[in-house]
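Contents: one structure, followed by commentary.
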Number of protein chains: 2
Amino acid sequence: MVTIYDIAAQAGVSAMTVSRVINNTGKISDKTRAKVKRIMEQLGYVPNQTARSLVLHQTRILFLLITDINNPFYTTLARGAEDAANKNGFRLLFGNSDENLDKEDEYITTILMTRADGVLIAPAGDPSLPHLETLRRHKVPFVLLDREVPGIECDVVLGDSKEGGRRLAQHLAARGHRRIALINGSPSVSSARLRLQGYQEAMKLSDLPGEEGYVYETSFGPQSDLSGIEAWLDGMSLLPTAIVAGNNVLAVEVIRVLRKRGISVPDEVSLVCFDDLGPYSEVDPFLTVFAQQAYQFGYMGMQMLIERIQDREGSGPWKKIVLPGELIIRRSVANLPDGNSEDRSAD
Amino acid sequence: MVTIYDIAAQAGVSAMTVSRVINNTGKISDKTRAKVKRIMEQLGYVPNQTARSLVLHQTRILFLLITDINNPFYTTLARGAEDAANKNGFRLLFGNSDENLDKEDEYITTILMTRADGVLIAPAGDPSLPHLETLRRHKVPFVLLDREVPGIECDVVLGDSKEGGRRLAQHLAARGHRRIALINGSPSVSSARLRLQGYQEAMKLSDLPGEEGYVYETSFGPQSDLSGIEAWLDGMSLLPTAIVAGNNVLAVEVIRVLRKRGISVPDEVSLVCFDDLGPYSEVDPFLTVFAQQAYQFGYMGMQMLIERIQDREGSGPWKKIVLPGELIIRRSVANLPDGNSEDRSAD
DNA sequence: CGCTAAAATGTTATCGGTAACATCAACTTA
DNA sequence: TAAGTTGATGTTACCGATAACATTTTAGCG
């Protein structure tokens, strides 16, 4: 491995001079600079970031931890974060926690060990608190994405989950649905709680009681198998005419189960969900969704993070950005005869 | 920041003793071990990987560089790589090159700087050669995924692109299509070249000439805008009755353009492509695809990489794994009247 | 009890960089 | 021309860990 000492020896200068050339600091004569550069070129020198960050206490590397690398919401978010990071001269690494606290914990350790300068994190849920406290204790700046965690003050970028839950349920009610069920992420995830609240408010507003067992709380991540959803649907005495899914992954899984049971969407059961399916909505504009600005989540979150890192003064007040979503009406909702086909929720 | 010296001072031992406790090496009395561990706990000590890898010359961190983080083929592949890495006690970081040589170059630098122990890489194309040579020169083990690069010998996991191209075109021919077009990735990407070859062979076999301008070569990544595809379609004197897309991203973009022009798939134009759309094929099993074993690409590639890393002996011969794909017939292909509705390519 | 082997722990040098301070020549300026 | 600047470069110590070797303590045994 080529080091600055090799370069220095070849060039007949000291290591410090080489370091100065690399970092463009101090005064170096043009002749020396040219010579050192030429030799670095020849020897294919690459600075050892490991050594450098050991002394500098910074890496110019940022980290994005998402909970589901297969979910287009998060990959689109990742592209936003990436663009913002690169624009500011930072490198970005990704990790995937799978909505799993242990994997998240592993990644927190990796982040601390690699001494990333900052972290953008979609926490697995409220129990992520100790992980965030660890980051805080180690003075690693972080910004939360998509989910808040009670007990910690920090910058955060959120969607309007409550509003979304309300809009989705209202949309169904406006189309005449009265038996509206909800499949949601874990109540330990703040966005899931708000989506539930929004759904409940809309139900109350439309004077819909919500049958026993209509709300099913599981995980936002892909289920290891579909039996939980199957049991939920099979366990209802009366099948709902419409289902709200807490995110796109759950919606797809509901579709799979319904298909398996020979139940057609939207003819027999209507379906709506949070988050679009990325470009795949183009293949077949089918699912009616409350689409969130995934790219902006990443882009703005990254900007906030970088501001924190560069803010020498220490911190201004914590910022909270709430990005509005948009109801996109497609074909997955049927009009029921007794319904008002005009959708009040869309105006 | 807490260091082993802080621990050592608190525990009244030397730093070396602390190091031994951390790494479970050497002989340590139970009493000392317990005491040191307790103090590490109390102080929230995290080993400084930076310092450690400076002296150890290894990080236990591996890197996966993919070309499109929005493509479910690559995210599924990533999950496979992740599982294999974790199973072997390695940590995995991701990077996204966007089919872009400059971004790839940036990541190569990051990889060298962070001293990753090995790299799994889907190269942007043949011009990635210098990047791979750089890795080789720095003795960083790597395994190529999905694409070969002429001029470098190494381990590689491939799909059967030629076979896939043949199968897709044959399938269309068997359904009576004669005017079959191909939109493909850049010819500087090995898989694109093979897909083209497969397509051409099938055309020849079915005695189809292939009209002027029927083959369009662009990038596998998402187009910055759709005007290239639009110009291609608009430029044809006679619209094809079927299109083979070199991957799922291109297929989706073709659909978008066709939709914009009011051309229906499959009623007016049939469409098939490489790679499935992940779980979103479940929403609407529409696109007929040559599906590749994305997860296996990552899993097996990672296994090969780890074997290389752990192989003290130095290297056995380079390995090349070719994973077969599967034609999944769905609804995006129309039967033309003069066609044989029975699909010979599917037996 | 004294000697030796094994166990437990400590010391020193090093990994590859950079900060802080030191040096030395060339050039001003009074 | 002596003193003060400035520019160009070198020296030394250190970032936080570990390897290799050194030393001390404990245990075992005749």
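Not measured: the values here are computed from a predicted model. By convention in this document, chain letters (A, B, ...) are assigned in the order of the sequence lines, proteins followed by strands, and residues within each chain are numbered from 1.
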Have a look at [X] and say if it touches a base, only the backbone sugar-phosphate, or nothing, with a 4.0 Å heavy-atom cut-off.
X: Thr3(B); result: sugar-phosphate
X: Ile4(A); result: base
X: Thr32(A); result: sugar-phosphate

With no hydrogens and no angle check, is any side-chain donor or acceptor of Arg147(A) less than 3.5 Å from a backbone partner on Ser190(A)?
no
Taking Arg136(B) for the side chain and Glu153(B) for the main chain, is one N or O donor matched with an acceptor at less than 3.5 Å?
yes
Interatomic distance, [X] [atom1] vs [N] [atom2] [rounded to whole Å]:
X: Leu43(B); N: dG16(D); atom1: CG; atom2: P; value: 14 Å
X: Gln58(B); N: dA19(D); atom1: CD; atom2: P; value: 10 Å
X: Asp6(B); N: dG16(D); atom1: CG; atom2: C1'; value: 10 Å
X: Met1(A); N: dT14(C); atom1: CE; atom2: P; value: 20 Å
X: Asn24(B); N: dT18(D); atom1: CG; atom2: P; value: 12 Å
X: Ile28(B); N: dA6(C); atom1: CD1; atom2: P; value: 19 Å
X: His57(B); N: dG16(C); atom1: NE2; atom2: C1'; value: 9 Å
X: Asn23(B); N: dT9(C); atom1: CG; atom2: P; value: 16 Å

Pairwise 5' ranking along DNA chain C for Leu56(A) and Ala51(B), keeping only the more 5' one:
Ala51(B)
Just compare [options] and give me whichever is closest to any side-chain atom of [X].
X: Arg20(A); options: dG10(C), dA8(D), dC21(C); value: dC21(C)
X: Tyr45(B); options: dC15(C), dG16(D), dA17(D); value: dA17(D)
X: Arg52(B); options: dA17(D), dT18(C), dC15(D); value: dA17(D)
X: Lys27(A); options: dT18(D), dG10(D), dG7(D); value: dG7(D)
X: Ser29(B); options: dA17(D), dT18(C), dA8(C); value: dA8(C)
X: Thr17(A); options: dG16(D), dG10(D), dA17(D); value: dG10(D)

Pair Tyr45(A), Asp6(A): side-chain N/O donor-acceptor within cut-off below 3.5 Å:
no
Just checking, is any N or O donor in the side chain of Asp117(A) or Thr59(A) under 3.5 Å from an acceptor N or O on the other one?
yes
When you measure from the side-chain N and O atoms of Asn48(A) to the phosphate of dC15(C), is any distance below 4.0 Å, counting only OP1 and OP2?
no
Is the phosphate of dT18(D) approached by Ser19(B) (side-chain N or O, under 4.0 Å from OP1 or OP2)?
yes
Ring centres of Phe297(A) and Tyr74(A) under 6.0 Å apart?
no
In Å and rounded to the nearest 0.5 Å, what is the CE to NZ distance from Met300(B) to Lys319(B)?
9.5 Å
Does the dG16(C) base have a donor-acceptor partner in the side chain of Tyr5(A) within less than 3.5 Å?
no
Nearest heavy atom decides the nucleotide; on that basis, is Met16(B) or Leu54(B) closer to the 5' end of DNA chain D?
Leu54(B)
